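A short worksheet on the structure shown next.
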Amino acid sequence: MLELHLTPDDNLSEILNNLHEPATVYLKNGVYRQKVWLKAGDLTIIGENREQTVISFDDYARKIHADGQEYNTFRTYTLCVTGERVKLENLTVQNSNTRPEEVGQCVALSVNCKTFAAENINLISTQDTLFLSPFPDDLVVRYRGFIPEKQLYLDGCSRHHFKNCRISGTVDFIFGCAEAYFEKCEIISLHDNRGYGFVAAPAHSLKQERGFVFDGCNFLSGGAEERTVYLARPWRDFGKCEFLNCRLEKHINAELYDKWNDTYRDTTARFAHFGLKCDFTPTPVKWSRALTEVQCNDIINTCNKHFKE
């Protein structure tokens with residue numbers, strides 16, 4: 001297998017997208033101040049040091065693009081992956097904006113492919129840190145001609161696996177329609193001047209059996225105040241999230257979940273939990289579901305098979 005060793009002076013998009021065979025790419029420490037659309041597949045990208053190997057950019061939703069329109073959420077990414085079978089290890093991907101209430105959404109990593117994995121990485125931003133495609137059907141129609149087709153269209157389901165990762169943000173900072181398994185990750189809610197926060201914003205269709213699964217994750221406050229953050233709210237009807245054997249600090253609201261403003265998505269959302277270890281007494285909303293130990297173990301066993309084949 002091909003091996004490459006790159007430094008912050010190298011153009012990641014130019015070099016990686018000209019690869020036509022499987023490769024392992026080693027990134028030296030430093031800040032790669034680049035906006036990267038990774039189209040090549042069968043790549044493992046490994047940083048020298050998780051904290052010191054940083055891919056960083058600062059686009060934001062209200063910024064005016066060269067086409068005269070605002071960037072919108074989905075063009076703000078620092079790193080967008082459309083190549084299949086990409087794995088990231090031991091590095092940081094960052095959108096360096098820290099004022100979402102003023103500049104709007106700021107995506108760090110956009111995963112627009114079917115098969116993706118990440119281990120021991122940091123994802124840092126504020127609002128909408130991590131997008132996991134596919135898009136909801138209505139947005140595929142809305143953004144036709146606005147977002148490149150290779151980013152917008154994805155037939156079938158996708159499988160995204162995050163292990164021992166640290167993901168930080170404020171509002172809806174893990175969102176999308178992928179089948180995604182978060183295994184032993186740290187999920188960090190930062191302070192937001194608006195005084196509230198939401199971790200996950202799933203938008204799965206009813207036909208999807210799997211949604212976002214958080215297994216053995218620690219939900220930590222990185223400045224979010226007590227009771228101001230909800231574990232999830234449904235971005236579209238039927239969004240699905242399961243929280244298994246997770247630890248929750250006091251920044252999480254005791255109700256755990258929110259229905260999304262003045263919608264009726266509480267009647268369709270598929271949110272469930274088991275074995276939560278809370279620094280407070282939880283009083284979950286009635287429309288969520290408490291799983292049994294057998295159901296929990298079945299989900300974990302399915303994820304171990306489904307995401308690690």
Side-chain angles (χ1 to χ4, degrees), residues 12-13 31-38 51 53-82 88 91-112 116 118 121-133 135-136 139 142-143 146-148 151-152 160 162 165-178 180 182 185-203 212 220-224 228-230 232-233 235 251 260:
L12 297 181
S13 294
V31 178
Y32 296 73
R33 181 165 171 72
Q34 303 177 34
K35 186 181 183 74
V36 180
W37 177 2
L38 182 56
E51 313 298 336
T53 307
V54 182
I55 304 172
S56 181
F57 212 70
D58 59 358
D59 279 338
Y60 53 91
R62 294 174 189 158
K63 181 178 178 179
I64 302 302
H65 193 275
D67 62 12
Q69 302 180 74
E70 289 188 348
Y71 265 67
N72 174 283
T73 300
F74 301 100
R75 302 197 292 186
T76 65
Y77 62 81
T78 293
L79 172 61
C80 177
V81 179
T82 57
L88 304 180
L91 53 81
T92 294
V93 181
Q94 175 187 43
N95 187 311
S96 59
N97 274 292
T98 58
R99 297 172 292 109
E101 64 277 5
E102 298 176 25
V103 304
Q105 296 86 345
C106 314
V107 176
L109 174 63
S110 184
V111 183
N112 299 58
F116 173 86
I121 74 167
N122 299 330
L123 299 176
I124 301 173
S125 187
T126 51
Q127 185 166 345
D128 292 13
T129 302
L130 172 62
F131 174 62
L132 302 173
S133 70
F135 283 80
L139 293 190
R142 182 189 305 178
Y143 293 136
F146 179 75
I147 293 174
Q151 296 179 18
L152 183 61
H160 304 156
F162 295 82
C165 295
R166 186 180 304 125
I167 306 169
S168 62
T170 57
V171 172
D172 303 332
F173 61 96
I174 300 173
F175 70 114
C177 302
F182 298 88
C185 293
E186 291 185 347
I187 312 296
I188 303 173
S189 292
L190 306 176
H191 173 75
D192 190 289
N193 289 332
R194 292 167 289 191
Y196 55 80
F198 308 90
V199 176
F212 295 167
L220 309 174
S221 172
T228 61
V229 176
Y230 294 85
R233 62 174 180 168
W235 183 27
H251 66 296
W260 194 289

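In this text, all values refer to a predicted model and were calculated from it rather than measured experimentally. Atoms considered below: every heavy atom in the structure, side chains included; atoms not considered: hydrogens, waters and symmetry mates. Along the sequence shown, residues carry numbers from 1.
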Practice task
Answer yes or no: is there a side-chain heavy-atom contact under 4.5 Å between Lys63 and Val103?
Solution key: no
Handout entry: Counterpart residues, side-chain hydrogen bond (donor to acceptor under 3.5 Å, both in side chains), relative to Ser96 (two or more places apart)
Key = none
Handout entry: ring pair (Phe, Tyr, Trp, His ring centres under 6.0 Å) partners of Phe131, counting only residues at least two apart
Key = Phe74, Phe135, Phe175
Practice task
Indicate yes or no: at least one non-hydrogen side-chain atom of Val81 is less than 4.5 angstrom from one of Phe116.
Solution key: yes
Problem - Gap separating the NE2 atom of His251 from the CG atom of Leu220, nearest 0.5 angstrom - result: 6.5 Å
Completion exercise
Value for CG (Leu88) from CG (Leu123), rounded to nearest 0.5 Å, stands at 8.0 Å
Fill in the blank from the handout: The ring pair (Phe, Tyr, Trp, His ring centres under 6.0 Å) partners of Phe182 (sequence neighbours excluded) come to Phe162, Phe214
Fill in the blank from the handout: Minimal heavy-atom distance between Gln127 and Thr170, with the atoms involved, is N-OG1, 3.5 Å
Exercise for the section: Kindly indicate, with the supporting measurements, whether the criterion side chain to side chain contact (heavy atoms under 4.5 Å, CB included) is fulfilled by Leu152 and Arg142. Expected result: CA-CA 10 Å; Leu152 183 61; Arg142 182 189 305 178; over 6 Å; no
Completion exercise
Looking only at heavy atoms, the pair that brings Ala203 and Pro136 closest together is CB-CG, 3.9 Å
Exercise for the section: For Tyr71, enumerate each residue passing the side-chain hydrogen bond (donor to acceptor under 3.5 Å, both in side chains) test, keeping only those at least two apart in sequence or located in another chain. Expected result: none
Problem - Test item: Thr129 side-chain N/O and Ser168 main-chain N/O as donor-acceptor pair under 3.5 Å - result: yes
Practice task
Compare every heavy atom of Ala178 with every heavy atom of His160, then report the nearest pair and how far apart it is.
Solution key: ND1-CB, 3.3 Å
Exercise for the section: Answer yes or no: is there a donor N or O on one side and an acceptor on the other, between the side chain of Asn95 and the main chain of Asp59, under 3.5 Å? Expected result: yes
Problem - Among Gln94, Glu186, Arg166, side-chain hydrogen bond (donor to acceptor under 3.5 Å, both in side chains) partner for Asn122 - result: Arg166
Practice task
May I ask you to test the Phe57-Leu79 pair for a side-chain heavy-atom distance under 4.5 Å?
Solution key: no
Practice task
Check whether any side-chain heavy atom of Val199 sits under 4.5 Å from a side-chain heavy atom of Phe173, and report yes or no.
Solution key: yes
Handout entry: Any residue meeting salt bridge (Lys or Arg N to Asp or Glu O under 4.0 Å) with Asp128, in chain and number order, not counting sequence neighbours
Key = none
Handout entry: Least distance between heavy atoms, Thr92 atom then Glu51 atom
Key = OG1-CA, 4.3 Å
Exercise for the section: Look at the side chain of Thr78 and the backbone N and O of Val93, then say whether any donor-acceptor pair between them is shorter than 3.5 Å. Expected result: no
Practice task
With sequence neighbours left out, write down each residue that passes side-chain hydrogen bond (donor to acceptor under 3.5 Å, both in side chains) with Glu101, or none if nothing qualifies.
Solution key: Asn193
Practice task
Could you tell me which residues satisfy side-chain hydrogen bond (donor to acceptor under 3.5 Å, both in side chains) with Thr82, sequence neighbours excluded, listed by chain and number?
Solution key: Trp37
Handout entry: Any residue meeting ring pair (Phe, Tyr, Trp, His ring centres under 6.0 Å) with Tyr230, in chain and number order, not counting sequence neighbours
Key = Phe198
Exercise for the section: Could you pull out all residues at least two apart from Asp192 that satisfy salt bridge (Lys or Arg N to Asp or Glu O under 4.0 Å)? Expected result: Arg194
Problem - Side-chain donor-acceptor pair present, Ser133, Asn112, cut-off under 3.5 Å - result: no
Problem - Separation between OG1 of Thr53 and CG of Leu91, rounded to the nearest 0.5 Å - result: 6.5 Å
Practice task
Can you sort out the partners of Glu102 under side-chain contact (heavy atoms from CB on, under 4.5 Å), two or more places apart, ordered by chain and number?
Solution key: Arg99
Problem - Separation between OG1 of Thr76 and CG of Asn97, rounded to the nearest 0.5 Å - result: 8.5 Å
Handout entry: Between OH on residue Tyr32 and CG on residue Leu12, distance to nearest 0.5 Å
Key = 6.5 Å
Exercise for the section: Indicate yes or no: at least one non-hydrogen side-chain atom of Cys80 is less than 4.5 angstrom from one of Gln151. Expected result: yes
Fill in the blank from the handout: Distance col, row Ile124:CD1 vs Ile188:CD1, nearest 0.5 angstrom, shows 8.5 Å
Problem - For Ile174 against Phe212, the heavy-atom pair lying closest together - result: O-CE1, 3.7 Å
Handout entry: Closest contact, heavy atoms only, Tyr60 versus Cys106
Key = CB-SG, 4.1 Å
Handout entry: side-chain contact (heavy atoms from CB on, under 4.5 Å) involving Thr228 - partner list, sequence neighbours excluded
Key = Ala224, Glu225
Practice task
Only counting residues at least two apart or in another chain, list the ones meeting salt bridge (Lys or Arg N to Asp or Glu O under 4.0 Å) with Arg62.
Solution key: none
Problem - Main-chain N/O of Glu70 paired to Arg75 side chain as donor or acceptor, under 3.5 Å - result: yes
